[in-house]
Amino acid sequence: MNGNDITALGFTGKAIGLALNAARHRETAGQTNDEIRAELGRVLHRPEAFIRDPLYADLGRELLGQAARFPDTLRERPLSYTEWGSELIDENTRAQMDTAMRLPISVAGALMPDAHVGFGLPIGGVLATDHAVIPYAVGVDIGCAMALSVLPVANLSREDEVRLLRRNTRFGAGHAWERKLRPDHAVLDEDTWHELPLLRQLRNKAAEQLGTSGSGNHFVEFGTLTLEAADLGLAPGQYIALLSHSGSRGFGAQVAGHYTQVAQNLHPDLDPDARKLAWLDMDRDEGQAYWTAMNLAGRYALANHEVIHARIARALGVKPLVTVRNSHNLAWKQRMPDGREVIVHRKGATPAGQGQLGIIPGSMADPGYVVRGKGNTQALESASHGSGRLLGRKQAERELSRSAVKEYLEARDVTVMGGGVDEAPQAYKNIDRVMASQADLVDVVARFMPRVVRMDTGRQDI
DNA sequence: ATGTCC
C-alpha cells in the first residue's frame with residue numbers, strides 16, 4: 001500500500017499519513033491489501049468506533065476532528081446569560097451552566113428560578129446551540145410534560161377521587177398496564193417506529209407502558225382550579241380539574257442513554273467537565289436520528305397524558321371542558337431575534353412564547369399555575385417548570401420527618417396516595433417566590449390547588 | 001428520570 005492507495009480510499013490531510021502508518025503495520029503482520037482496505041474503510045466510515053483501538057486511535061480522532069464543525073475545545077470564558085430569581089439559585093448550578101456556556105456550539109442561555117444541579121445541564125436550564133443537539137441538555141426523561149383538564153363536574157367526593165386515581169393510573173419504574181386493561185393510542189401506529197433499529201426495538205416497551213406514569217416527581221392529581229377572570233373559554237370561578245406530570249417512561253430513558261453514549265463517543269477529547277454535554281451535529285446521521293427519536297418520545301409522553309385524562313374522563317362519563325398541556329424536557333428549532341435559527345434545549349423549563357399556555361406546578365400540597373407566556377427573548381421564551389428542589393432527595397429524607405410532612409398535608413387538606421418524603425412540599429422552593437421572580441416571563445391565568453394526589457411509592461413513604 | 005450497562 002502507498003499514499004495513492006490511501007487517498008483513493010478517501011483519506012485527506014493528516015489522516016493520510018496516519019492511515020499509511022497503520023496500513024504498513026498490518027502489511028508487516030501479514031494482512032493482504034484487500035483486508036487492509038476493508039479495515040481502513042470501516043475506520044473511515046465510523047471513526048468513533050476506533051478511538052480506543054491500539055492501532056487506529058490517532059486516525060479515529062483525526063477523522064472525527066475533520067468531520068466536526070467545531071473543535072472539542074471549550075471557550076476560555078462562558079458566554080453571558082441571564083438568570084431569574086438569583087437568590088433562589090445556588091453556586092453549583094451556576095457553575096454547571098457556566099460550563100454549558102463554554103461549549104463551542106453554545107449561542108445563548110438562561111437559568112430559570114427553579115434551577116438546580118442536574119446531569120449535564122441544570123434542571124431549569126435553557127440552552128440555545130448552533131445546529132447541534134445535546135441529549136443531556138434535553139434530559140433523561142425526554143418529553144416530560146404537564147397536562148391539565150378542566151372537568152364539567154360540579155361535585156366529586158374525596159373518596160371518589162381516590163378511587164378514580166387508583167383504578168385509572170399506574171405508577172413506578174418498569175410498571176405497565178395489566179394486559180386486559182392496556183390502552184391504545186395512534187402514536188403507536190406511527191411509521192417513525194420503523195425508521196431506526198433502536199425505535200423498532202423499543203416499541204413494545206412503549207406500548208406496554210402507554211398511559212402510565214413514572215416515579216420520582218411524577219403525579220396525577222385532582223384539585224380545584226380558580227379563575228379570577230374569564231379565560232381558557234371559561235367563566236371566572238372554581239372548577240374541578242385533573243393535573244398530570246408524566247414523561248416518556250422507559251422508552252425515552254433508553255433513547256436518552258443510547259444517544260448520550262453515541263455523543264460521548266463522537267467527542268473523545270471533550271473536557272471532562274463537559275463530558276455529559278457531548279453533542280450531536282444536526283448535519284450528521286446521529287443528530288438526525290436523535291432528533292427523530294426525541295420528537296417521537298415527546299409525542300409519546302403527550303400520548304401518555306392523553307390516555308390518563310381520557311380514562312378518567314370516561315370513568316366520570318364526561319368530556320373535559322378544556323385541556324392545557326406543555327412539554328418541559330425537549331429541544332425545539334427556534335429563531336433568535338436576529339433571525340438566526342438555533343436549537344433551544346429546555347431541560348425542566350416551560351415554553352413561554354408570546355401567548356403560549358403552560359402549567360407550572362408547585363408541590364403536592366402547594367398551588368400550581370396555568371400561565372401564558374410573554375415571549376421574553378432574553379429567557380429564550382421560557383419560564384420555570386415548577387418550584388424547583390430546595391433539598392436533594394437524600395437530604396430531604398435525612399432532614400424531614402414523616403410527621404412534619406403529614407402535618408403540612410393535613411393543614412392544607414391534601415390526601416396523598418403513595419409519595420415519599422423526598423417529594424415532600426418542604427423539599428421544594430416556595431412556588432410564590434418562584435412565580436414572583438418570573439413575572440416578566442409569564443402571566444398567571446389560573447391557580448390550581450391539589451386535593452388528592454397519586455404518586456409512586458417513595459423509599460420512605462409519607 | 002429509569003427495572004438503575006442491551
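Below, read A as the first sequence line, B as the second, and so on, with proteins coming before strands; counting in each chain starts at 1.
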Spacing of [X] atom [atom1] relative to [N] atom [atom2], expressed in whole Å:
X        : N     : atom1 : atom2 : value
A:Asn329 : B:dT2 : CG    : P     : 11 Å
A:Asn204 : B:dC6 : CG    : C1'   : 15 Å
A:Arg203 : B:dC6 : CZ    : C1'   : 20 Å
A:Tyr259 : B:dT2 : OH    : P     : 20 Å
A:Arg459 : B:dT2 : CZ    : C1'   : 14 Å
A:Asp456 : B:dT4 : CG    : P     : 15 Å
A:Glu208 : B:dT2 : CD    : P     : 15 Å
A:Phe171 : B:dG3 : CZ    : C1'   : 17 Å

> OP1 or OP2 of B:dC5 less than 4.0 angstrom from a side-chain nitrogen or oxygen of A:Gln254, does that happen here?
Replying inline: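 Answer is no, no contact under 4.0 Å.
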>> Taking 4.0 Å as the cut-off, does a side-chain nitrogen or oxygen of A:Lys205 come that near to OP1 or OP2 on B:dG3?
In response: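 For A:Lys205, the contact criterion (side-chain N or O under 4.0 Å from OP1 or OP2 of B:dG3) is met.
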Classify [X] by what it touches in the nucleic acid, base, sugar-phosphate, or nothing, heavy-atom distance under 4.0 Å.
X        : value
A:His258 : nothing
A:Gly250 : sugar-phosphate
A:Ser215 : sugar-phosphate

>> Closer than 3.5 angstrom, by distance alone: can the side chain of A:Ser106 be matched with the main-chain N or O of A:Ala108 as a donor-acceptor pair?
In response: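 Pair absent, no side-chain N/O of A:Ser106 close to backbone of A:Ala108.
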> Is it true that A:Arg94 and A:Glu91 make a salt bridge, defined as a side-chain N closer than 4.0 Å to a carboxylate O?
Replying inline: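 A:Glu91 and A:Arg94: salt-bridged.
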> Choosing from B:dG3, B:dC6, B:dT2, which nucleotide comes nearest the side chain of A:Gln201?
Replying inline: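 Minimum distance to the A:Gln201 side chain belongs to B:dC6.
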> Within a reach of under 6.0 Å around CZ of A:Arg182, are more than 12 heavy atoms found that belong to other residues, nucleotides or ligands?
Replying inline: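 Above 12, so yes.
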>> By nearest heavy atom, map A:Leu202 and A:His218 onto DNA chain B; which one lands nearer the 5' end?
In response: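 This one resolves to A:His218.
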> Does A:Tyr408 have A:Arg412 sitting over its ring (NZ/CZ under 6.0 Å from centre, angle to axis within 45°)?
Replying inline: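 Yes, cation above the ring, under 6.0 Å and within 45°.
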> Is there a side-chain contact between A:Leu270 and A:Trp279 (heavy atoms, below 4.5 Å)?
Replying inline: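 Yes - at least one pair of side-chain heavy atoms lies under 4.5 Å apart.
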